[in-house]
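Below you'll find the structure, written out as structure tokens, and then a few comments.
Everything quoted here is computed from the prediction, not taken from an experiment. When a ligand or atom number is given, it counts from 1 through the structure's own listing order.
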Amino acid sequence: MKTKKILAILLTLTLMGTLFIGCSKKDDNEKDNNTDTQTTANKSEEKELEGSLISEKPQTFSIFLNFNNMPFNPEWRVWQEIAKRTNISLEGVISQSNSNEEEAFNLMLSSGKLADIIGYKNGADLEKLGRDGGLIPLNDLIKEHAPHIQEMLNKDSKFKQAATSLDGNIYYIPKNHSLVSAEFWWIRGDWLDKLDLKVPTTVDELYTVLTAFRNEDPNGNNEKDEIPLFDRAGWKMPDEYLYLWDTSTEFYPRNGKMTFEPMEENFIIGVTNLVKWYKEGLIDPEILTRGAKSRDTLYSANIGGMTHDWSSTGNYNRRLGEQIPGFNNISIAPPANQNSEVVERTTLYPGVGWGISSQCKDPVTLIKFFDFMFTEEGSTLMNFGIENETYVVNSDGTKSYTDTVLNSELTPLGYLRSLGILYRIGMFEGVQYGNDLELQYALMTPEARDAAKLYNANKQWYRQDMPPYYDGELGLKYSSEDEAEYKKIMSEVRPYVDEMFQKWLLGASDFEKDYDRFIKELKNRGIERAIEINQKAYDTFLGK
Ligand code: CA
């Protein structure tokens, strides 16, 4: 049933796509003419506009955007300020009670009535909308009217890669980040102290530490109840621990060459070790089923030892400090793998931002508005808010958040978001002008700050020339043909790999005995062609 429903929606979308193409051809011609007149008009106007004004008269554009279940709200303090300074107001088209971004998006597409600005959680869907004629290519508009976006495209290849669709068009302006770190290794520092152990720096030392966690009762209740290694994403990403041996169940490029890691030497080492660790009780026996609450459950019961997770993991020190005296999660460097390399695979990449729909009457004004978000003034507004309300400028020129922000019950970040700051738009999240990273760190708890500082200070842990790597999957861009073929092959390969990996981990099948047959079966299912397609997409990413 569900599949049928999805198919019906897809069909509708495809039909809509055709409609957009039909309309957009005409629209494009009209738009070209419009654009020309507006360009001329705006150029002569530009000199007369005061301050940060983008339009001489107040203008309102409609916007489709919903971030973290927060539909765009024009009442937000910072957007009111932006409207005052630029003369551009936005009007959200998603009702404030809506919590289903996907449904709202599909509804807008099937209505055929597009908002002037469209942002969405999924970049591939936005690019598809662009190719179908629902979003306009921004390349020329940027060149002519958006010098700050152009500068970001010129100097940041990852930003450019995220922005550029395979057809060469830019359909949306991404959200960029100044920090590289996303997740961190967290270990119970109080358990290490209790057992007189040092922070593990290699995967072998990690084995020793986890074994001690398992056998020496660090929680002190005389029960062998500790779960040394766990992960709340284990159910969707069972291979996260394979990273410790520099491998995974996914594709991964090395020295310009695309590999499917299960076919490589590291995979044999990784799975052999992981099976052993699981058998010895070092890994959560319920890693594949415990689910998203794992972290809460295992920390609250004082039995979880180590995990790889977001900075919020540091918050448990405060949350559980009274209940579990001495509870102390610390962030540590990734343990070096069997080849003595320290590698962190999980990282932040430019994410989705916003684009301009083909039904927008005045794209020139909007691209200037988009550009404003990358100016020092716009960037400051979207990151730090309003002077003397959310931040102050100190005598040495640095900025600090006000106590209203830092002491907010919503958390500092939550408070800023409640004013519309740090929303999911095309912008640079962090300190775009100057290098006052301390200001960004000020939004974090001390534990999260330590983690972020440690990982951001060690950029050598992050491999270069890597495409985006979201939860293990490479964020490569494919042609429609390649994508269809690739998806078809992987719909055969993916479930088979997951099934076999689970069997090996849980001891239901013997890895060493199965391996040759496993590789043969991967080839039967077309893995070599899938590698070829990914190689091509990776070459495109590298600009070959
Ligand atoms: Ca115990």
If you look only at distance, which donor and acceptor atoms sit under 3.5 Å apart when one is on a side chain in residues 282-290 and the other is two or more places apart or in another chain?
residue, atom, partner, partner atom, Å
Asp284, OD1, Glu286, N, 2.9
Asp284, OD1, Arg290, NH2, 2.8
Asp284, OD2, Arg290, NE, 2.7
Thr289, OG1, Glu286, O, 3.4

Strictly under 3.0 Å, is any N, O or S atom of Asn222 next to the Ca ion (ligand 1)?
no

Which of Val271, Ile269, Val275 passes side-chain contact (heavy atoms from CB on, under 4.5 Å) with Asn273? Answer is Ile269

Restricting Asp217 to its N/O/S atoms, the closest one to the Ca ion (ligand 1) is OD1

The N/O/S atom of Asp225 lying closest to the Ca ion (ligand 1) is OD1

For the Ca ion (ligand 1), angle spanned by Asn221 OD1 and Asn219 OD1 (nearest 10°) is 80°

Asn222 meets the side-chain hydrogen bond (donor to acceptor under 3.5 Å, both in side chains) criterion, sequence neighbours left out, with none

Taking the Ca ion (ligand 1) as the apex, Glu226 OE2 and Glu223 O span an angle, rounded to 10°, of 130°

Result for side chain to side chain donor-acceptor pair (under 3.5 Å) between Asn329 and one of Tyr299, Trp191, Tyr316 points to Tyr299

Looking at the rings of Tyr278 and Trp504, which for Trp means the six-membered one, are their centres under 6.0 Å apart? no

